[in-house]
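Below is one structure, written out as structure tokens; the observations come after it.
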Number of protein chains: 2
Amino acid sequence: MPPRRGQQLVQSLERGLAALEMALDGNVRPSHVAEALGIDRSTAYRLLYTLMAKGYLLQDERTREFTSNPAKFFQLYGKVATLLDWSDVAGDFLTRLRDQSGETANLGVRQANNVIYIAHKPGQAALSVNFALGTSRPLHCSALGKALLAAQPDAVTAEWVASAALTSYTAKTITAPSRLKRHLERVRVDGYAVDDEETFAGVRCIAAPIHDHRAQVIAALGISGPTTRITHEQLPHFAETVMQVAAQLSAELGAPVAEL
Amino acid sequence: MPPRRGQQLVQSLERGLAALEMALDGNVRPSHVAEALGIDRSTAYRLLYTLMAKGYLLQDERTREFTSNPAKFFQLYGKVATLLDWSDVAGDFLTRLRDQSGETANLGVRQANNVIYIAHKPGQAALSVNFALGTSRPLHCSALGKALLAAQPDAVTAEWVASAALTSYTAKTITAPSRLKRHLERVRVDGYAVDDEETFAGVRCIAAPIHDHRAQVIAALGISGPTTRITHEQLPHFAETVMQVAAQLSAELGAPVAEL
DNA sequence: CCCTCGTGTTGCGTAATTCGCACATGCAGC
DNA sequence: GCTGCATGTGCGAATTACGCAACACGAGGG
């Protein structure tokens, strides 16, 4: 049995990271950070100043506001990108999925309560779904997110559904925990998840999980397109394509061959 | 007069960020971090554990090593990328430069003692220079870096040249401070910088500075290609193209129209 | 099979670090 | 110019984080 894990976090570091993330969501000033974190202005200032000294933030000479330093984050991004270049691994499969479906193909992983889009191939039609890499979306209303959620053990899913904040984005967003739970059971049976205008009106998405060599779900692969092309009639056909390419990618990663 | 700036950094945060950056350069263990930073193993462990709790690191269940969490950094990258989307601003100009020169076009900004590549258009020839976004290279041996260095006031450049570590990468890397200083004076006069196999044997690069609306140098734009195509004879011609497109991009950013 | 060495992880007391208060300074707007 | 408001900076108090020491565990050797 692994030793039970620590409980005491380093406070200054914790607060510093919180301040950093605030700065990433828009320029901040010491007074804002202080209020948001419930600490003194001077403390917030010293945290921000330290982050600036280490290159993570910049300070506007005139307004005195602290801004994220894009160059620093490009550098950090570059380092992780070289460590694990998903585009290289998944690039062919994204292209294949894009070509077979005609829609934008994307790959995402879970990060806390969000899906992060880490690779994509935008569709070539005039009207195509397109968003930047690194975008995060809530788990409960995206196809990728639901594919990832459904892959967990029942108990974990149940607990998550009960405790998560199911924010509503459109009239179709599932906000009732019990409904989401049943919905996810369906996703697991089907082998794919659908986001039926639950995040954006007029946009439908389909996703399936990706397994690694230990059969663990590590990512989800899917397509996004306008409801005019991904119709309810066509949906099973698209889902079949998504699951096929997802299985191929899983196989490429060394996943044990399962059903189908 | 702005008040003179603080001097005391928050130690825990400083050490935590250092640990984070170590993890980005490869998996780390508490003992490594402790030795590198000259602190106790337990302290290093608590920093790493805090970073993990906040989502920046992951810990391998088996080896107990701490790894950077790619998803987290994709998320951070996504946030800064939307704040300042260089690809959108510079995309057309990169394409134009790539098409006119036939070589890989790239755009970089300075980050401490490095150039960070924040946007690019890979060349279409079979043999083309290509590296990932976010890559960092030393200032003193890259064309982009030298273009940025030469744009500074003389005093600043002189001080930097004297104090910087001029690491050698190929036989042609300039490592003598005095030579680099003269070289940069030449760059300023010419209006463009050349990396003549100073970073990679067989690769030549040409770059020119980009100015914003205040005539401040904020980035550098350039091309990279094999010495077989960017020959010494052709070099002035390529340089002319680079400077032209760089001037166009500067103009797009609202830079006051200068000479030429 | 035991013993040792190295490392991850945790408890604890101390002392250094950080935090909050108070104030100086600068800036915008009546 | 005076007033409100925010940044930036000493300074003392005490919380916090640090290092020490110990435990658990696995690897490797005798």
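In the text below, chain A, chain B and the rest are named by the order of the sequence lines, each starting its count at 1.
- The shortest distance between side-chain heavy atoms of T173(B) and H140(B) falls below 4.5 Å.
- By the side-chain hydrogen bond (donor to acceptor under 3.5 Å, both in side chains) test, H211(A) is found to be paired with no residue, residues two or more places apart in sequence or in another chain being considered.
- Rotation axes derived from the C1' atoms of the five outermost pairs at either end of the helix from dC1(C)-dG30(D) to dC30(C)-dG1(D) lie 40° apart, to the nearest 10°.
- Note on Y45(B): a side-chain N or O is less than 4.0 Å away from OP1 or OP2 of dT10(C).
- Distance, E65(B) CD to dT9(C) P: 11 Å, rounded to whole Å.
- Counting to the nearest Å, the P atom of dA17(D) and the CG atom of L51(B) are 13 Å from each other.
- Put simply, CZ on F66(B) is 15 Å from P on dT7(C), counting in whole angstrom units.
- Sorted by first and then second residue, the side-chain hydrogen bond (donor to acceptor under 3.5 Å, both in side chains) pairs with a member in residues 158-168 of chain A read N113(A)-W160(A); sequence neighbours excluded.
- With sequence neighbours excluded, the residues forming a side-chain hydrogen bond (donor to acceptor under 3.5 Å, both in side chains) with D154(B) are R188(B), listed by chain and number.
- E65(A) pairs by the side-chain contact (heavy atoms from CB on, under 4.5 Å) definition with N27(A), R29(A), T63(A), not counting sequence neighbours.
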So if I define the base as every atom that isn't primed, P, OP1 or OP2, how would nucleotides 14-20 of chain C read as a B/S/- string at a heavy-atom cutoff under 4.0 Å? ---SSSB
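- Rounded to whole Å, the distance from CZ on R64(A) to P on dG26(C) is 12 Å.
- For the pair E35(B) CD and dG19(D) P, the interatomic distance rounds to 14 Å; values are reported in whole Å.
- The side-chain hydrogen bond (donor to acceptor under 3.5 Å, both in side chains) search around R15(A) returns none, not counting sequence neighbours.
- Between the CG atom of D60(B) and the P atom of dT9(C) there is a distance of 11 Å, given to the nearest Å.
- For dA6(D), neither phosphate oxygen OP1 nor OP2 lies less than 4.0 angstrom from any side-chain nitrogen or oxygen of R29(A).
- Here A147(A) pairs with A193(A), A207(A), P209(A), A220(A) under the side-chain contact (heavy atoms from CB on, under 4.5 Å) rule; sequence neighbours left out.
- Once rounded to the nearest 0.5 Å, the distance linking CD of E252(B) with CD1 of I210(B) reads 11.0 Å.
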Table of protein N/O atoms under 3.5 Å from nucleotides 28-30 of chain C N/O atoms:
none

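- In this structure, E14(A) places its CD atom 13 Å from C1' of dT16(D), rounding to the nearest Å.
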Please tabulate, one pair per line, all N/O donor-acceptor pairs under 3.5 Å involving side-chain atoms of residues 33-42 of chain A, not counting sequence neighbours.
from, atom 1, to, atom 2, distance (Å)
D40(A), OD2, S42(A), N, 3.0
D40(A), OD2, S42(A), OG, 2.8
S42(A), OG, R46(A), NH2, 3.4

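- Judged as a side-chain hydrogen bond (donor to acceptor under 3.5 Å, both in side chains), and not counting sequence neighbours, Y192(A) has no contacts.
- The CG-P distance, from L48(B) to dG8(C), rounds to 10 Å in whole Å.
- Residues satisfying the ring pair (Phe, Tyr, Trp, His ring centres under 6.0 Å) test with Y169(A), not counting sequence neighbours, are none.
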